[in-house]
Amino acid sequence: MVALWQAYGFVHGVLNTDNMSILGETFDYGPYTFLDSYDPDHVANNNDDGGRYAFFRQPAIVHWNLACLAQALLPLIPREALEAALEGFMERVTFHQMRRQKARLGLQTEQAGDSELVSQLWQLFEQQKIDITRFLSALTELSVDQLNAEKLQAFTHTDTPAWSQWFQAYQQRVQLEPASGPIRHQQMRSVNPYYLLRNYMAEEAIREATQGDYRLVNQLLPILRHPCELHTQAERFLDSPPDWAGSICLSCSS
């Protein structure tokens, strides 16, 4: 679950030990957010002055919480077994995160240089504050012959040499995949949503619902149940978030 957070830009916001369950669930989603633009340092909770629960720290914080759980279990489980489980956690997170990031790029097989290719892309996301959801959704629609920086210039802002080099390497890598055409598109679309519940969408729905108008709530429900499908009357949610979305400030009481 945490690996998927990192692959989709989800920030929980309050990963205290009491907000995690042994069932593999988390609670208290008051200040959660999906990143509108990729920023590893993003802090979703306005009360988190020190950035303890910043996006990039989430795997380490969950690891810490599991260590606290392991300490509580010492009377029941041998220390060696608990330590062995904890030692393998970060490796598993890295593995599953990379697997999903590759799937979002349509890379199903294992090839030399895959980790570097993915890492370079996410470095570009960070450098240019890219909306990863909209970028990867648009990338999904491109054929192998269309894979170039110009096709996605609206998302990359500038056609820099770094982008051109990455697309060239990516195009060469995609050609090593057995799946192509509609099959490749279907695989990528299954893991690249058109829509996420961004904070501005929730804010608009809440404002209207408090006035007794549930039309937007009812419009969002099918979109969020099937985010990888296009929905009529939802075109505006495919656009970049409005300017005022960046001013939304959340806390544990949100």
Side-chain angles (χ1 to χ4, degrees), residues 2-15 29-49 51-59 61 97-98 100-105 117-142 148-167 170 188 191-205 220 223-224 227-228 234-251 254:
V2 179
L4 292 178
W5 289 356
Q6 303 308 111
Y8 285 91
F10 177 81
V11 192
H12 184 286
V14 279
L15 278 173
Y29 286 97
Y32 94 91
T33 188
F34 281 101
L35 297 175
D36 288 334
S37 60
Y38 185 66
D39 178 10
D41 296 316
H42 183 83
V43 177
N45 185 357
N46 189 48
N47 297 328
D48 185 7
D49 295 330
R52 175 178 174 83
Y53 303 129
F55 172 71
F56 83 96
R57 290 197 173 104
Q58 291 184 132
I61 287 297
Q97 180 179 338
M98 179 59 66
R100 180 50 62 99
Q101 288 172 324
K102 286 181 56 178
R104 298 195 73 181
L105 293 173
L117 185 68
V118 172
S119 297
Q120 289 167 4
L121 176 62
W122 285 72
Q123 288 171 11
L124 288 168
F125 285 163
E126 179 180 359
Q127 292 168 7
Q128 295 194 354
K129 307 297 182 185
I130 301 297
D131 185 332
I132 60 176
T133 301
R134 297 180 67 232
F135 177 93
L136 291 172
S137 181
L139 185 71
T140 299
E141 302 303 320
L142 299 181
N148 57 68
E150 289 78 8
K151 288 290 183 180
L152 292 173
Q153 198 165 359
F155 301 94
T156 59
H157 309 305
T158 55
D159 183 16
T160 63
W163 275 113
S164 298
Q165 292 169 10
W166 186 85
F167 272 106
Y170 176 56
M188 290 183 67
V191 293
N192 285 321
Y194 289 104
Y195 315 95
L196 293 174
L197 182 58
R198 300 177 188 266
N199 278 343
Y200 84 91
M201 297 161 64
E203 176 70 14
E204 289 181 352
L220 288 176
I223 294 173
L224 300 176
C228 295
E235 290 83 0
R236 72 184 183 97
F237 298 132
L238 297 174
D239 295 332
S240 58
D243 292 338
W244 62 265
S247 64
I248 297 175
C249 183
L250 300 174
S251 68
S254 297

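One is the number of the first residue; the rest follow in order along the sequence. Keep in mind that this is a model prediction, so the values were computed, not measured.
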### Message
Taking the side chain as everything from C-beta on, heavy atoms only, tell me whether Tyr195 gets closer than 4.5 Å to Leu220.
### Response
no
### Message
Rounded to the nearest 0.5 Å, what separates atom CD in Gln101 from atom CG in Leu136?
### Response
9.5 Å
### Message
Go through it in stages, so that I can follow the logic: the residues are Val14 and Tyr32, the test is side chain to side chain contact (heavy atoms under 4.5 Å, CB included), and I'd like the CA-CA distance, side-chain angles, deciding distance and then a yes or no.
### Response
CA-CA 8 Å; Val14 279; Tyr32 94 91; over 6 Å; no
### Query
Is atom CG of Asp41 surrounded by more than 12 heavy atoms (other residues, nucleotides or ligands) closer than 6.0 Å?
yes
### 4.5 Å side-chain heavy-atom contact, Tyr38 and Phe135
no
### Message
Students often mix this up, so state it plainly: with edges at 30° and 60°, are the rings of Tyr200 and Phe237 parallel, tilted or perpendicular?
### Response
tilted
### Summary
Separation between CG (Asn199) and CG (Leu35), nearest 0.5 Å, reads 10.0 Å
### Query
Which heavy atom in Ala7 sits nearest to a heavy atom in Ile132, and how many Å separate them?
O-CD1, 4.4 Å
### Query
Is the shortest distance from a Lys or Arg side-chain nitrogen in Arg198 or Asp131 to a carboxylate oxygen in the other one below 4.0 Å?
yes
### Query
Taking Tyr170 for the side chain and Leu121 for the main chain, is one N or O donor matched with an acceptor at less than 3.5 Å?
no
### Task
Can you see which heavy atom on Ala44 is nearest to which on Gly13, and at what distance?
CB-CA, 4.2 Å
### Query
Strictly under 6.0 Å, is that where the ring centroids of Phe34 and Tyr8 end up?
no
### Query
Which atom pair, heavy atoms only, marks the closest approach of Lys129 to Ser37?
O-CB, 3.1 Å
### Task
Would you indicate whether the side-chain heavy atoms of Leu117 and Trp166 approach each other to under 4.5 Å?
yes
### Query
Going by heavy atoms in the side chains, are His12 and Ile61 under 4.5 Å from each other?
no
### Task
Verify, without hydrogens or angle tests, whether Gln6 (side chain) and Gln58 (backbone) share a donor-acceptor contact under 3.5 angstrom.
no
### Query
Counting only N and O atoms by type, is there a donor-acceptor contact under 3.5 Å from the side chain of Ser137 to the main-chain atoms of Thr133?
no
### Query
Within a strict 4.5 Å, meaning less than it, do heavy atoms of the Val43 and Tyr53 side chains meet?
no
### Smallest separation among heavy atoms of Asp239 and Arg134, with atom names
C-NE, 3.5 Å
### Query
Got Thr33 and Ile248 here, is their nearest side-chain heavy-atom distance under 4.5 Å?
no
### Message
How close do Ile223 and Ala234 get, counting heavy atoms only, and between which atoms?
### Response
CD1-CB, 3.5 Å
### Task
Kindly indicate whether the side chain of Leu142, heavy atoms from C-beta on, has any atom under 4.5 Å from the side chain of Leu152.
yes
### Query
Say you draw a straight line from CG of Leu196 to CG of Asp36; how long is it, rounded to the nearest 0.5 Å?
9.0 Å
### Message
Any side-chain to backbone donor/acceptor pair from Arg57 onto Gly51? Under 3.5 Å, distance only.
### Response
yes
### Query
Would a 4.5 Å heavy-atom cut-off, applied to side chains only, mark Phe167 and Leu139 as touching?
yes
## Note on the structure
Shortest non-hydrogen pair, Leu105 vs Met188, comes out as C-CE, 3.9 Å
